[in-house]
Amino acid sequence: MTQLPIYTEEHELFRRTIRDFVATEITPFVNEWDEAEEFPRELYQKVGAVGLFGIGFDEKYGGLGDHDPILLSIVSEEFARCGAGGVAASLFSNYIGAPPIQTGGSAKVKAEIIPGMLKGDLICALAVTEPGGGSDVAALETRAVRDGEHFIVNGQKTFITSGMRADYITAAVRTGGAGPSGVSLLVIPTNAAGFYATPLEKMGWWCSDTATLYFDDCRVPAEYLLGVENAGFRLIMENFNYERLLLISGMVGASRLCFDEALSWARERHTFGQRLADHQVIRHKFVEMDRMINATKAWMEKLAWQVLHGDKPVAELAECKVQASLTMEFCAREAAQILGGASYIRGNPVERIYREVRVNAIGGGSEEIMRDLAARQLGL
Ligand SMILES: Cc1cc2nc3c(=O)[nH]c(=O)nc-3n(C[C@H](O)[C@H](O)[C@H](O)COP(=O)(O)OP(=O)(O)OC[C@H]3O[C@@H](n4cnc5c(N)ncnc54)[C@H](O)[C@@H]3O)c2cc1C
C-alpha cells in the first residue's frame with residue numbers, strides 16, 4: 001500500500017518495532033493478565049527500554065525530543081492490537097500524568113521524575129475525577145492549602161488509572177476560589193504522609209489498575225506545584241487534547257481488530273451450505289465496519305498531522321473522539337454478531353473489546369461532554 005505523506009520512514013520503522021514488541025511481549029499473555037487483573041510491573045521497564053514512554057519528553061532526560069503526535073497515535077493504535085485495552089490504559093497513564101510535569105515542573109522536579117518514568121522505573125498517573133463528578137472539572141473540590149513550604153491536601157479522587165501503582169500523581173486541586181481560576185496542578189508523591197488508595201473492580205480493562213485516592217491532611221512540598229498557582233486549568237485542558245488523541249487511536253486499533261477477528265472467522269465458518277463471509281448480510285456488515293474505521297482513521301491522521309504543525313483543533317478532536325467511540329461500539333457489536341456464541345466466551349478479543357466500549361465512550365471526556373465542547377468551540 002502507498003505510504004501516506006504524513007508518515008516518514010522513521011514513523012514506519014517505529015510502527016514495525018512496536019508491532020513486533022506487542023506481538024511478542026504482550027499479546028501472548030493478555031488473557032492471563034486480564035484474568036489476574038494485573039500485569040507484571042517489569043512490563044514498564046521493557047516498554048521503557050524500547051523508548052516507548054519518550055514521545056514529547058526532553059532528550060536530556062532520555063526522551064525522544066519534540067512532541068510528535070503521529071508517533072503517539074502509532075503507539076496507541078498498535079498497542080490496541082493486543083486485544084486488551086487495559087494494558088495500554090495502565091502503561092500510558094504516564095502519557096497523561098507526566099506531560100504536565102514536563103510543561104510545568106521545575107528543573108529539579110523534572111529531573112527527579114522524568115528520567116525514571118522514561119525507563120519504566122517510576123509510574124505517573126493523572127487525577128482529575130472526584131467522587132462528586134468528573135465532567136465538570138471546574139467544580140472539583142479537593143483542596144490544597146499552602147502551609148509554609150508545603151501544601152496540605154484534603155479530598156478524594158476516583159476512577160484513577162494506575163492509582164494503586166503510581167509513584168507520582170499529577171492531581172488537580174483547588175488552591176483558590178470557585179471555578180476554573182481556582183484550580184492548580186500539584187504532583188503528589190504517593191509515599192507522602194496522608195495519602196492512601198483502594199482498588200476498584202471494573203466491567204472491562206481488568207488488567208488495568210484503577211483506584212480511589214484519599215488525601216487526608218496530605219503534606220506535599222510546595223516545589224511540586226506545576227506552573228503558576230491557580231493557573232492549572234489551562235494545563236489540564238491542553239493535556240486532554242493529547243489524551244483524546246491517544247484514546248481515538250486506541251479505538252481505531254480496537255475497531256480494526258474486531259474487523260480482523262470477525263473476518264478470519266467468517267472465512268472459515270460455514271452456515272447454510274456456504275461460508276459465512278459469502279452471505280450478503282454478513283458482507284454488508286464488513287463493509288459498514290470498514291467504512292467507519294477508514295473514516296475515523298483518516299480523521300485521526302489528519303488531526304495528528306495538524307497538532308504536529310502547531311494547530312489546536314479542539315473541536316475536531318472532541319468530535320473525532322465521539323466518532324471513534326461510536327465506531328468502536330459498532331464494530332464490537334457487529335463482530336460479536338458475526339462470531340455468534342463464540343463472541344460470548346471469555347478469552348476472545350471481541351468479547352473483551354465489547355466490555356471496553358463504555359470506558360472509551362465515557363473516559364477522557366464523555367460523548368455528551370465532547371459534543372458540548374465542540375458546540376462551544378464552534379461558537380454555536
Ligand atoms: C476505567 C476508568 C479509568 C479512568 N481513568 C481516569 C484517570 O486516570 N484520571 C481521571 O481523572 N479520571 C479517570 N476516569 C474518569 C473519567 O474521565 C470520568 O468517568 C468521566 O470524565 C465522566 O465523569 P463521571 O464519571 O464523574 O460522570 P459525570 O460527570 O457524573 O456524568 C455522568 C453522565 O452524565 C453526562 N453528563 C454530565 N454532564 C452533562 C451535561 N451537561 N449534558 C449532558 N450530559 C451530561 C456524562 O456524559 C455522563 O454520561 C476513568 C474512568 C474509568 C471508568
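Read the numbers this way: they start at 1 and go in the same order the structure lists the ligands and their atoms. Everything numeric in this text was worked out from a predicted model, so none of it was measured.
Among all non-hydrogen protein atoms, the one lying nearest atom 8 (O) of ligand 1 is T161 N, 3.0 Å. Among all non-hydrogen protein atoms, the one lying nearest atom 4 (C) of ligand 1 is F159 O, 2.8 Å. Here the protein heavy atom with the shortest distance to atom 10 (C) of ligand 1 is T129 OG1, 3.4 Å. Scanning the protein heavy atoms around atom 26 (O) of ligand 1, the nearest turns out to be G134 N, 2.7 Å. Of all protein heavy atoms, the one lying nearest to atom 29 (O) of ligand 1 is S135 OG, 2.6 Å.
Checking side-chain atoms of R219 against main-chain N and O of A192 turns up no donor-acceptor pair under 3.5 Å.
Near V128, meaning under 4.0 Å from any of its heavy atoms, are these atoms of ligand 1: 10 (C), 11 (O). Listed by atom number, the atoms of ligand 1 under 4.0 Å from I160 heavy atoms are 7 (C), 8 (O), 9 (N), 10 (C), 11 (O). Close contacts of ligand 1 with V359, meaning ligand atoms under 4.0 Å from a residue heavy atom, involve 1 (C), 2 (C), 52 (C), 53 (C). Proximity to G133 (heavy-atom distance under 4.0 Å) selects the following atoms of ligand 1: 26 (O). Taking a cut-off of under 4.0 Å to the non-hydrogen atoms of G364, the atoms of ligand 1 that pass are 17 (O). Within ligand 1, counting atoms from 1 as listed, the ones closer than 4.0 Å to a heavy atom of I369 are 38 (N), 39 (C).
Checked against a 6.0 Å centroid threshold, the rings of F215 and F195 count as neighbours. Taking the centre of each ring, F57 and H67 stay at or above the 6.0 Å mark.
Of all the heavy atoms of I362, the ones lying under 4.0 Å from any atom of ligand 1 are found in both the backbone and the side chain. Here S366 has side-chain heavy atoms under 4.0 Å from ligand 1, and that is the only part of it that gets that close. Contact annotation: for L126 versus ligand 1, heavy atoms closer than 4.0 Å belong to the backbone alone. At a 4.0 Å heavy-atom cut-off, ligand 1 touches K202 through the side chain alone.
Using a 30° and 60° split on the angle between ring planes, F286 and F259 fall in the perpendicular class, above 60°. Ring orientation note: the planes of F272 and H279 are nearly perpendicular, at an angle over 60° on the 30°/60° scale. Note: F79 and F21 have tilted aromatic rings, judged against thresholds of 30 and 60 degrees for the angle between ring planes. The aromatic rings of F39 and W33 sit tilted relative to each other, their planes meeting at an angle between 30° and 60°.
Rounding to the nearest 0.5 Å gives a distance of 10.0 Å between CD1 of I338 and OG of S343. Note that CD1 of I248 is 10.5 Å distant from CD of E319, once rounded to the nearest 0.5 Å. Here CG of L373 is found 12.5 Å from CZ of R371. Values are rounded to the nearest 0.5 Å. Summarising the geometry, atom OG belonging to S76 is positioned 9.0 Å from atom CE belonging to M251; distances are rounded to the nearest 0.5 Å.
Distances from atom 42 (N) of ligand 1 to the protein include no heavy-atom value under 4.0 Å. For atom 38 (N) of ligand 1, a protein heavy-atom neighbour is found at a distance under 4.0 Å. Closer than 4.0 Å to atom 13 (C) of ligand 1 lies at least one heavy atom of the protein. Contact annotation for atom 33 (C) of ligand 1: protein absent (non-hydrogen atoms, distance under 4.0 Å). Note that atom 23 (O) of ligand 1 has protein non-hydrogen atoms nearby, at separations under 4.0 angstrom. Atom 51 (C) of ligand 1 is approached by the protein to below 4.0 angstrom, counting heavy atoms only.
Residue W305 is grouped with residue L71 when hydrophobic side chains (ILVMFWY) are merged at heavy-atom distances under 4.5 angstrom, including chains of intermediate members.
Below 3.5 Å of separation, one finds an N or O of E368 facing an N or O of ligand 1. Taking only nitrogen or oxygen atoms, main chain and side chain alike, E130 does not reach within less than 3.5 Å of ligand 1. In terms of polar-atom proximity, D136 is not counted as a contact of ligand 1, lacking any N or O under 3.5 Å from an N or O of the ligand.
There is no side-chain donor-acceptor pair under 3.5 Å between S162 and D209. Side-chain contact annotation: N230 with R174, donor-acceptor N/O pair under 3.5 Å absent.
Assignment of G363 to the shell around ligand 1 is supported, since a heavy atom sits closer than 4.0 Å.
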Q: Using the side-chain contact (heavy atoms from CB on, under 4.5 Å) rule, take F151 and T175 through it: C-alpha gap first, then chi angles, then the decisive distance, then the call.
A: CA-CA 9 Å; F151 281 100; T175 42; 3.9 Å; yes
